[in-house]
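Heads up, the thing below is written out as C-alpha cells.
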Amino acid sequence: MTTRGSKVGVVGAGVSGLVCARELVRRGFDVNVFDKGRVPGGRTATRMPEPGLAYDHGAQYFTARDPRFRELTADWLARGVVAEWPGRIVRLEDGAVIDTSPQPRYVGVPGMSAMAADLAAGILVRTGTRITAATRGPDGWTIVTDDEETVGPFNSLVVTAPAPQLRELLGSHPFGAAAATVRMTPCWAVMVAFESRLEVAWDGAFVHSSPLAWVARNSSKPGRDGETDCWVLHASPDWSAANVEAAPDDVAKELIGAFSLAVAERLPPPCYLMAHRWRYSHGSDPIDRRILFDREGGLVVCGDWLAGGRVEGAFLAAVRAAEAICGWNGPR
Ligand SMILES: Cc1cc2nc3c(=O)[nH]c(=O)nc-3n(C[C@H](O)[C@H](O)[C@H](O)COP(=O)(O)OP(=O)(O)OC[C@H]3O[C@@H](n4cnc5c(N)ncnc54)[C@H](O)[C@@H]3O)c2cc1C
C-alpha cells in the first residue's frame with residue numbers, strides 16, 4: 001500500500017525524475033533519487049569549461065503551454081530561476097534569413113541547469129551513481145548501483161532513463177522490451193567561443209539543408225556573461241546518426257565549416273572549441289502515453305520520450321507518474 005512515508009526510488013534526476021520526486025515529497029513520500037551524472041539536470045545541462053564561458057549544450061530553451069507547466073514557469077520567473085529569452089530566432093534557408101513566429105521562449109538563469117538545481121532543492125539526490133539493475137522481491141524493489149551496492153527496498157520505483165537504456169536496467173520486465181522498440185536519435189553539439197564577435201543580426205537559427213539543424217549565440221540569453229561570444233551548434237539527427245562514432249575533434253571541425261557556410265561568413269578564430277555527443281537526444285517517434293505503469297508491481301516508467309519529447313513533455317509525464325504512485329493501492 002502506498003501511503004505517506006512509503007519509500008519511492010527514482011532513477012534519473014532530469015526534469016522528469018525531479019518533478020516526480022518533488023511532487024511525491026510534497027505529498028509525504030520518502031523519496032530517494034539516483035543519477036549517474038555529476039550534477040542533476042540530464043539533458044537540461046549547462047557546461048562552464050572556463051571562467052567566462054558557458055554553454056547550454058542540451059536543451060536550448062523551453063516553451064510552456066499546459067496550465068500546470070505555465071504555473072511552474074510563472075513561479076520560476078518570479079524567483080529568477082528562468083527568464084524569457086527575447087532573442088531573434090530565424091530560419092536559415094538557401095541563403096535567406098527568415099524570421100520565425102514570435103513566442104515566449106524561456107531559459108534557465110544563468111544556465112539551463114538552473115531549473116534542475118531548483119527542483120532538486122530539499123530532495124535526496126545521489127549523483128554519480130549509475131543504476132545497473134532493478135528487481136522486485138517480496139519486500140519491494142531493490143536497485144543495484146555500478147559499485148555493486150544494493151539499495152532498497154522501495155515500495156515503488158520510478159524510472160526515467162532514456163528508452164534504449166531500460167532493457168538493461170529492467171532485465172526481463174516487459175517494459176524493457178517495450179522501450180527497446182523506441183528509437184532515440186543522437187545529437188552532436190559543438191560549443192565554440194570566438195575571439196571577436198560574429199556579426200550576424202540574429203541570436204538563434206534553425207538551419208536547413210546543412211549538417212546543422214540549430215545554432216545559437218548562448219551569450220545572448222539573459223543572465224549570461226555576454227563578454228565572450230559563445231555559440232552552441234547542433235547537428236541534424238541524420239548527420240549525427242551518420243557520424244555517431246566520429247572523433248569529437250573531427251566533428252567540431254566539420255560543423256564549424258558547416259556553420260561558416262550557413263551564415264555565409266568567414267568566422268572569427270575560435271578560442272574554445274569542443275564537441276559533445278548526446279547519444280540519446282530525442283525520441284524519433286514519441287508516444288503520447290506519458291507513462292508506463294505496472295499496477296501489479298508498482299513500477300512507473302516515464303520521460304520525455306513518452307510525452308512529446310521536450311522539457312514540457314518531461315514535466316507532464318512526471319506529474320502523471322506522481323499521480324499514479326499516489327493513487328496506487330500496493331501490490332496485488
Ligand atoms: C541536444 C538537445 C537539444 C534539446 N533541445 C530542446 C529544446 O530546445 N527545448 C526542449 O523543450 N527540449 C529540448 N531537448 C529535450 C529536453 O532536454 C528533454 O526533453 C528533457 O530534458 C528530458 O528530461 P528527462 O528527465 O525525461 O530525461 P533526461 O534529462 O535525459 O534525464 C534522465 C536522467 O537519467 C539519468 N540516467 C539514465 N540512466 C541512468 C542509470 N542507469 N542510472 C542512473 N541515472 C541514469 C541520466 O543521467 C539523466 O540525468 C533537447 C535535448 C537535447 C539532447
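Whatever order the structure lists them in is the order used to number ligands and atoms, beginning at 1.
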Quick note on ligand 1: atoms under 4.0 Å from a heavy atom of Gly12 include exactly 33 (C), 34 (O), 35 (C)
So among Asp99, Val263, Thr100, which one has a side chain to side chain contact (heavy atoms under 4.5 Å, CB included) with Trp202? Val263
Looking only at distances, please establish whether an N/O atom of ligand 1 is found under 3.5 Å from an N/O atom of Arg310. yes
Could you tell me, atom by atom, which parts of ligand 1 come under 4.0 Å of a heavy atom of Thr160? 32 (C)
Here the atoms of ligand 1 under 4.0 Å from any heavy atom belonging to Cys187 are 1 (C)
Would His57 count as being in polar contact with ligand 1, using the rule that some N or O on each side must be under 3.5 angstrom apart? no
Arg320 bridged to Glu23 by N-O distance under 4.0 Å: no
Note: heavy atom closest to atom 52 (C) of ligand 1, options Lys36, Glu312, His282, belongs to His282
Taking atom CZ of Phe194 and atom OG of Ser219, what is their separation to the nearest 0.5 Å? 10.0 Å
If you measure every N/O of Tyr61 against every N/O of ligand 1, is any gap under 3.5 Å? yes
Identify which of Ser16, Gly58, Ala45 has a heavy atom lying nearest to atom 3 (C) of ligand 1. Gly58
Can you tell me if Gly309 contacts ligand 1 (heavy atom of the residue under 4.0 Å from the ligand)? yes
Numbering as shown, the atoms of ligand 1 that approach Val311 to under 4.0 Å (heavy-atom distance): 10 (C), 11 (O), 12 (N), 19 (O)
So between Gly204, Ala64, Ala59, whose heavy atom ends up nearest atom 13 (C) of ligand 1? Ala59
Quick check on the hydrophobic clustering: are Phe62 and Trp214 connected, directly or via other members, by side-chain heavy-atom contacts under 4.5 Å? yes
Could you say whether the N/O atoms of Arg43 and ligand 1 ever approach to under 3.5 Å? yes
Return yes or no for this condition: an N or O of Val15 is under 3.5 Å from an N or O of ligand 1. yes
